[in-house]
Protein chains: 2
Amino acid sequence: MLTISQLAAHAGVTVRAVRHYHKIGLLPEPERDHSGYRAYDAGAVVRLIRIHTLADAGVPLARVQELLDAAPDDFTDGVEEIDKQLRTEIRRLQDTRKRLARLAAGEHLALPQSVVDYLDRLREIGMREQYIELERDAWIMIAAQVPHLIDDVIVQKHQALEHPDMVKLYGIVNEALDWSEDSPRIVEIVDLLESLMVAAVHAGATGGYGLDDDLVRLMDSAMLEAAPGAERILALLEERGWKGWTRIEHVPLDRL
Amino acid sequence: MLTISQLAAHAGVTVRAVRHYHKIGLLPEPERDHSGYRAYDAGAVVRLIRIHTLADAGVPLARVQELLDAAPDDFTDGVEEIDKQLRTEIRRLQDTRKRLARLAAGEHLALPQSVVDYLDRLREIGMREQYIELERDAWIMIAAQVPHLIDDVIVQKHQALEHPDMVKLYGIVNEALDWSEDSPRIVEIVDLLESLMVAAVHAGATGGYGLDDDLVRLMDSAMLEAAPGAERILALLEERGWKGWTRIEHVPLDRL
DNA sequence: CTGCAGGGTTGACCCAGCGTCAAGGTCAAG
DNA sequence: CTTGACCTTGACGCTGGGTCAACCCTGCAG
């Protein structure tokens, strides 16, 4: 008669594993001796080795039972299915590796290359990291929800930067990050914005880049959270008949 | 302000996942509104998207935190290490597939081909399945513990079968499976065994095939469990100065 | 006002395959 | 008698949440 550790040693498994196999019903519980120790016979060694062999070969414990009693044909079928699952899992991990590689390569944390390039351009025209981060966060949200639109939007942004007033606006915003909420210079921003909007409307722009209402609201609120003077800018714009930020719309003054 | 399900939708994860991230400290718990609902701001959306992006790329949640705050260099290092772990895991699964394939191919449940061949030879000389199973179980134990010895032992077994008395012995054992414990014919087995042993000792055999004491005891007890008349055979052998079964030793009668 | 649907909340169990305490009983040896 | 090794049961931990359960909150229709 063998103790549990002798049994485990003979089969090359741990004591803990043997008890686990008892619990899940793979290996029948043997009689206990007078002190409550499990007492195994040689047959248990053989059963345990067979279990271990299958488990070690990648058969899930839940399927070991059926394979142990299976006829050769069923055995082959079962093994084939398990192999299929292994292949699936391997492919999944390989996909994961690819995504990870892309992450490391340059799509810096959820952003496609076009956005990274655009942020670099903002750096080139002198925007501070503090602003870049705000902008980056906005792009992260867009990339997550409408990745198919993002390259179009980026193109429009690049085009907008061709306009000198837009570059000027960015310059002021760059400074405005330090302004207090009631700075008188906020009006400068509003003036510039309005002139850009008027020009855009003249040119037939629809604005909003095709983003849906939900996302637009989200981005607007992100802006409000991030910038101290944002609320005042929106209020001033509204007085002049413009509404929104991510997607600015012209509202007739008589409707206010 | 967003509810948890709005937040989850914006980031493309489930509500349950968001709560999980709270629990493990990946995403800070936001303020609650007057009714106890979590109220999220747009910043939370960004954090959540970044978490999701990393997790989705195969970064373990436990390491997401450090990567989110990591400097680019540390980030690259971390990603590389995770990739290494992924490669290791893939290799492990591929090894598993190989073992599984060998299992299906023919190494029938823990037995090398040489043993399968030997069992086939036993079938050819007329041994019944009932005996083959006993023998197979013994080989499973040997294969599990001293796989490097098994081919040597098999060679010796094949050689032993060249001796006509051995074949005769197997024939009797084949019938003996049905004998009751007190059958008078058990003596025939003992006679044959003794003559074979004497011949073997003359030929200079050492016996036991190099198996260690532990394994020998185990196999002896397996035999005792499996065969009804086994104990009597061992007793009769012992009267004549032989001890053991798996490894039979000559003991001078005066030492009994 | 009330009922109902469709949100939200926390809590707890579930998957695999054991590893790893914890707290205590048993055994053989010095 | 003590020590140390081994046994017992029970329960938590890990991964990444899925899936109830039971109950609260909100808004809308009748």
Side-chain angles (χ1 to χ4, degrees), chain A residues 1-27 29-40 44 48 51-67 82 85-86 88-89 92-93 95-96 99-100 214, chain B residues 1-27 29-40 44 48 50-67 82 85-86 88-89 92-93 96 99-100 214:
Chain A
M1 287 300 169
L2 306 167
T3 67
I4 195 169
S5 57
Q6 289 168 334
L7 169 73
H10 279 307
V13 304
T14 65
V15 170
R16 184 66 185 82
V18 174
R19 289 206 274 248
H20 185 59
Y21 298 157
H22 285 319
K23 191 151 28 185
I24 63 177
L26 257 186
L27 193 64
E29 283 271 2
E31 303 290 303
R32 305 300 182 104
D33 67 12
H34 64 100
S35 63
Y37 288 13
R38 293 179 178 87
Y40 298 91
L48 182 52
I51 291 168
H52 179 224
T53 303
L54 286 172
D56 208 45
V59 176
L61 293 188
R63 311 204 50 182
V64 165
Q65 184 91 342
E66 57 181 281
L67 283 192
I82 291 161
Q85 286 168 4
L86 281 175
T88 306
E89 176 68 7
R92 203 183 58 76
L93 287 180
D95 280 1
T96 299
R99 274 203 301 281
L100 197 60
D214 230 24
Chain B
M1 286 299 170
L2 306 167
T3 67
I4 195 170
S5 58
Q6 290 169 330
L7 168 73
H10 279 308
V13 305
T14 65
V15 170
R16 185 63 184 82
V18 174
R19 290 207 274 247
H20 186 59
Y21 297 157
H22 284 320
K23 191 151 31 185
I24 63 178
L26 258 186
L27 194 64
E29 283 271 3
E31 302 289 303
R32 305 299 182 106
D33 67 12
H34 64 99
S35 64
Y37 287 14
R38 293 178 178 86
Y40 297 92
L48 183 52
R50 287 158 55 93
I51 291 169
H52 180 225
T53 303
L54 285 172
D56 208 45
V59 176
L61 292 188
R63 311 204 50 182
V64 165
Q65 184 91 342
E66 56 181 280
L67 284 193
I82 291 162
Q85 287 168 3
L86 281 175
T88 306
E89 177 67 8
R92 203 183 59 76
L93 287 180
T96 298
R99 273 204 303 279
L100 197 60
D214 229 25

Gln6(A): side chain to side chain contact (heavy atoms under 4.5 Å, CB included) partners, not counting sequence neighbours: Leu2(A), Thr3(A)

Please set out all donor-acceptor pairs under 3.5 angstrom arising from side-chain atoms of residues 15-27 of chain B, sequence neighbours excluded.
unit_1   : atom_1 : unit_2   : atom_2 : d
His22(B) : ND1    : Leu27(B) : O      : 2.9
His22(B) : NE2    : Tyr40(B) : OH     : 2.7

Touch class at under 4.0 angstrom, heavy-atom based, for His34(A) against every strand present: sugar-phosphate

side-chain hydrogen bond (donor to acceptor under 3.5 Å, both in side chains) partners for Gln85(A), two or more places apart: none

For Glu29(B), all residues meeting salt bridge (Lys or Arg N to Asp or Glu O under 4.0 Å), sequence neighbours excluded: Arg32(B), Arg38(B)

For the student: nearest non-hydrogen atoms of Ile82(B) and Gly58(B), plus distance: CG2-O, 3.8 Å

Set of residues satisfying salt bridge (Lys or Arg N to Asp or Glu O under 4.0 Å) with respect to Arg63(A), sequence neighbours excluded: Glu66(A), Glu81(A)

Boundaries of the DNA chain D segment in contact with chain A, non-hydrogen, under 4.0 Å: dC6(D) to dA11(D)

Sequence-distant partners of His52(A), side chain to side chain contact (heavy atoms under 4.5 Å, CB included), two or more places apart: Val13(A), Asp56(A)

Salt bridge (Lys or Arg N to Asp or Glu O under 4.0 Å) against Asp33(A), all qualifying residues, sequence neighbours excluded: none

Contact pattern, 5' to 3', of nucleotides 9-21 of chain C - B, S or - by protein heavy atom under 4.0 Å: BB-B----BBBB-

